[in-house]
2 protein chains.
Amino acid sequence: MEDINYIKENRLEDTGFAYTLKLISGKYKMQTLYAISLNQGPLRYNELKRLLTPISFKSLANTLRELEAAKLIYRKEYPKIPPKVEYGLTKLGESLIPVLDAICTWGEKQMK
Amino acid sequence: MEDINYIKENRLEDTGFAYTLKLISGKYKMQTLYAISLNQGPLRYNELKRLLTPISFKSLANTLRELEAAKLIYRKEYPKIPPKVEYGLTKLGESLIPVLDAICTWGEKQMK
DNA sequence: TGCGGTACTTACCTAAAGGAGAGTATAAAT
DNA sequence: ATTTATACTCTCCTTTAGGTAAGTACCGCA
């Protein structure tokens with residue numbers, strides 16, 4: 001770091017938008033979080049696959065990995081055969097639900 | 001329309017998410033709306049360009065055209081030389097601001 | 001006479017997102 | 001012995017978003 005005065009005008013570059021969007025942008029991320037929320041409890045991989053139809057295996061796996069990395073969901077593995085894995089909301093994930101609600105209900109109001 | 005019973009399970013395909021996102025997803029759409037909102041009045045093309053740095057001409061033009069097509073902003077052209085064009089929020093656009101606020105403030109809270 | 005300012009468009013290129021379809025491990029059930 | 005079920009991964013392909021750089025039209029100003 002050199003003591004240069006970086007130009008900091010009234011820019012919008014670093015607002016919370018970019019931050020929030022990094023976590024929830026993607027075709028199915030919000031739906032995934034919402035589905036778990038509506039279920040009022042964790043969901044299994046194939047349950048999510050069905051609810052998020054027509055999502056592909058690849059997208060679902062990616063979506064879940066990224067949401068987990070963002071600490072919005074947790075992954076719990078039951079080591080048995082056939083395998084069982086559950087995905088649930090973390091506290092952080094739950095704190096996003098009201099925001100998702102706002103996005104969803106605004107859209108529904110306009111769709112009519 | 002034929003009277004076939006389409007399968008309608010508990011899917012999340014057609015929630016308001018997809019609808020809202022079609023309108024506001026993109027690297028600069030929310031910031032654009034937010035910038036106009038913060039300015040409490042319409043902004044000119046080059047003012048937006050500066051505020052949305054480092055946006056490119058192409059992205060800005062695209063962003064504005066799409067927001068206008070979505071009826072979230074209006075475009076007002078003053079036929080003089082050099083040209084002057086203003087972009088402002090429509091009623092619909094204004095109705096989205098609280099949603100954008102929620103997205104932005106959630107992000108800011110997590111950034112700390 | 002040529003430069004600057006405004007609001008763009010056009011052509012080309014790259015990177016990232018997402019889809020399709022096949023393959024994997026393991027054990028219980030038939 | 002074969003099928004079924006779960007939760008994935010892997011490879012290849014197409015689509016889309018966005019960036020770069022240049023060009024355009026018009027007039028006032030020096």
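Labels below follow one simple rule: chain letters A, B, ... track the order of the sequence lines, proteins then strands, and each chain is numbered from 1.
- Counting only distance, with no hydrogens or angles, the side chain of A/S59 and the backbone of A/S56 share no donor-acceptor pair below 3.5 Å.
- Taking atom CD on A/E47 and atom C1' on D/dT6, their separation rounds to 12 Å, with Å as the unit.
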Quick tally for nucleotides 8-30 of chain C: nucleotides whose base has a protein heavy atom under 4.0 Å get B, sugar-phosphate-only ones S, the rest -, giving BB-BB-----BBB-B---BS---
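- A distance below 6.0 Å separates the ring centres of A/Y34 and B/F17.
- Here A/E77 pairs with A/R75 in a salt bridge; the nearest charged N to carboxylate O distance falls below 4.0 Å.
- Between A/L60 atom CG and D/dT9 atom P the separation is 10 Å, expressed in whole Å.
- Heavy atoms of other residues, nucleotides or ligands lying less than 6.0 angstrom from NZ of B/K71 number 12 at most.
- Separating the NZ atom of B/K76 from the P atom of C/dA7 is a distance of 14 Å, rounded to the nearest angstrom.
- Checking B/E86 against B/Y78 by side-chain atom types alone, a donor-acceptor pair falls below 3.5 Å.
- D/dG18 atom C1' lies 14 Å from atom CD of B/Q31, rounded to whole Å.
- When the side-chain nitrogen and oxygen atoms of A/R44 are compared with OP1 and OP2 of D/dT6, none of them lie within a distance under 4.0 Å.
- Distance B/K49 NZ to C/dG5 C1': 15 Å, rounded to the nearest Å.
- Nucleotide C/dG4 holds its P atom 16 Å from the CG atom of B/N46, rounded to whole Å.
- Following rounding to the nearest Å, B/L21 (CG) and D/dA17 (C1') show an atom-to-atom distance of 15 Å.
- Cation-pi check for B/K76 over B/Y87 is not met; the charged atom does not lie both under 6.0 angstrom from the ring centroid and within 45 degrees of its normal.
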